[in-house]
K.L.:
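This is the structure I want to talk about, given as structure tokens.
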Protein chains: 2
Amino acid sequence: MLPQRFPQKPSAICPNSPDIDDQACLAVREVLNRVGDKWSLLIVGYLAEGPLRFNELRRSVEGISQRMLTLTLRGLERDGLVARSVQATTPPRVDYALTPIGLTLLEPVRALVAWADQNRVAITDARTAFDAEQQGQDRAA
Amino acid sequence: MLPQRFPQKPSAICPNSPDIDDQACLAVREVLNRVGDKWSLLIVGYLAEGPLRFNELRRSVEGISQRMLTLTLRGLERDGLVARSVQATTPPRVDYALTPIGLTLLEPVRALVAWADQNRVAITDARTAFDAEQQGQDRAA
DNA sequence: CCGTATCCATTCTGATACTG
DNA sequence: CAGTATCAGAATGGATACGG
């Protein structure tokens, strides 16, 4: 409802429909932020095959620290993408599983991953070419 | 070819096909890293409607600093997603446009954005509920 | 087993000032 | 107009130690 000095919106990010406002833009970026961090997608990927316990995830996601696993799981749980269930046995057993929403996330994520996979060679080549050209520029100067 | 202590791979991130190796996993995460940063998708979104000059982008992408616009554009250019064309007039005119690869990125990105848009309310609600529950936990302790 | 707390290094980002 | 350089603060991530 606030006056917009820059009413133009990026079609890829926020479809130009009347009921998509700046709030949606922000929400989209927040979601992308979560999904784009270092571990979230990897964890969602592992959970796609079924629930896993904390230390099972820790062993699966090679290289992740305990701290980051906890933090990332909390984030996913907070957003309602992952469910945490505790059985108060000794020792305690904690399972993590995708929620229904978490499951639906899998589809667009897979599309993006497929794109990344299809274009990774082209991207690597582009990087190499770009870096080589930069080198040349520096020498020319 | 190296022995893998953890051969299991996240299906969402790395499809379990024989010719997708750990390199692909890394490449995918690199791509996701680029796409997941603060400004890239926003810029790709604006360029989806056609080429734009540097300062046109600056005015469109509200809140971006000159520095970050430069850096993000360089990154996208390096990855071959955006093309930079200079006309050496005075003052110089520099146009940025999506490359063919950049254009193909738009489709999976739109799918993710659509998901984010469809689920943003649920996610916001989940966050509120989670935070409220955390508050309760703190008080209970 | 499943965390939390603390500390530290690295990276990212924005503000500002300056150049061809 | 289209950048680059420099600096400071914020955010991110890892290592380690400790607690329920």
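Chain letters run A, B, ... following the sequence lines, proteins first and then strands; every chain starts at 1. Only this structure's heavy atoms are used, side chains among them; waters, hydrogens and symmetry mates stay out.
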K.L.:
What is the bend of the helix from C:dC1-D:dG20 to C:dG20-D:dC1 when you compare the axis at one end with the axis at the other, using five pairs each and rounding to 10°?
P.N.:
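Both end axes considered, the difference amounts to 40°.
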K.L.:
Is it true that, when you exclude A:E107 itself, more than 12 heavy atoms of the residues, nucleotides or ligands shown sit nearer than 6.0 Å to its CD?
P.N.:
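Count not over threshold, so no.
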K.L.:
Could you run down the sub-3.5 Å N/O contacts of the protein with nucleotides 17-20 of chain C?
P.N.:
none

K.L.:
Shared ILVMFWY cluster between B:L57 and B:L103, side chains joined below 4.5 angstrom?
P.N.:
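Result: yes, single cluster for both.
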K.L.:
Dump every N/O contact between nucleotides 8-13 of chain C and the protein below 3.5 Å, one line per pair.
P.N.:
from	atom 1	to	atom 2	distance (Å)
C:dT13	O4	B:R67	NH2	3.4

K.L.:
What distance separates B:R78 CZ from A:T128 OG1, expressed to the nearest 0.5 Å?
P.N.:
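Answer rounded to 0.5 Å: 8.0 Å.
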K.L.:
Find out whether B:L106 and B:L98 are in side-chain contact, i.e. whether some heavy atom of one side chain is under 4.5 Å from a heavy atom of the other.
P.N.:
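The answer is yes; the side chains approach within 4.5 Å.
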K.L.:
Could you give the CG-to-P distance, from A:L69 to C:dG3, as a whole number of Å?
P.N.:
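Taking atom P of C:dG3 as the reference, CG of A:L69 is at 8 Å.
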K.L.:
At under 4.0 Å between heavy atoms, what does B:R58 touch on the DNA or RNA strands: base, sugar-phosphate, or nothing?
P.N.:
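Result for B:R58 = nothing.
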K.L.:
Run the side-chain hydrogen bond (donor to acceptor under 3.5 Å, both in side chains) test against A:W115 and tell me which residues pass, sequence neighbours left out.
P.N.:
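Per chain and number, A:W115 pairs via side-chain hydrogen bond (donor to acceptor under 3.5 Å, both in side chains) with B:T104.
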K.L.:
Whole angstroms only, please: what is the OH-P distance between A:Y96 and C:dC1?
P.N.:
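Roughly 14 Å, once rounded to whole Å.
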K.L.:
For B:R93, enumerate each residue passing the side-chain hydrogen bond (donor to acceptor under 3.5 Å, both in side chains) test, keeping only those at least two apart in sequence or located in another chain.
P.N.:
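If we apply the side-chain hydrogen bond (donor to acceptor under 3.5 Å, both in side chains) test to B:R93, skipping adjacent residues, the hits are B:D95.
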K.L.:
Between A:T70 and A:P91, who's closer to the 5' end of DNA chain C by nearest nucleotide?
P.N.:
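Result of the comparison: A:P91.
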K.L.:
Does a side-chain heavy-atom distance below 4.5 Å link A:V61 with A:L69?
P.N.:
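Counting from C-beta outward, A:V61 and A:L69 never come under 4.5 Å.
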K.L.:
Can you measure A:L52 atom CG to C:dC2 atom P for me and round it to whole angstrom units?
P.N.:
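After rounding, the reported distance stands at 11 Å.
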K.L.:
Considering the options B:V109, B:L81, B:V35, B:L76, which one meets the side chain to side chain contact (heavy atoms under 4.5 Å, CB included) requirement together with B:V44?
P.N.:
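One option only clears the test, and that one is B:L76.
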K.L.:
Which is the 5'-most and which the 3'-most nucleotide of DNA chain D that has an atom under 4.0 Å from a heavy atom of chain B?
P.N.:
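Under 4.0 Å from chain B, the extent on DNA chain D is D:dC1 to D:dT6.
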K.L.:
Given salt bridge (Lys or Arg N to Asp or Glu O under 4.0 Å), test A:R74 with A:E77 step by step and report yes or no.
P.N.:
CA-CA 5 Å; A:R74 285 295 168 279; A:E77 191 192 354; 3.8 Å; yes
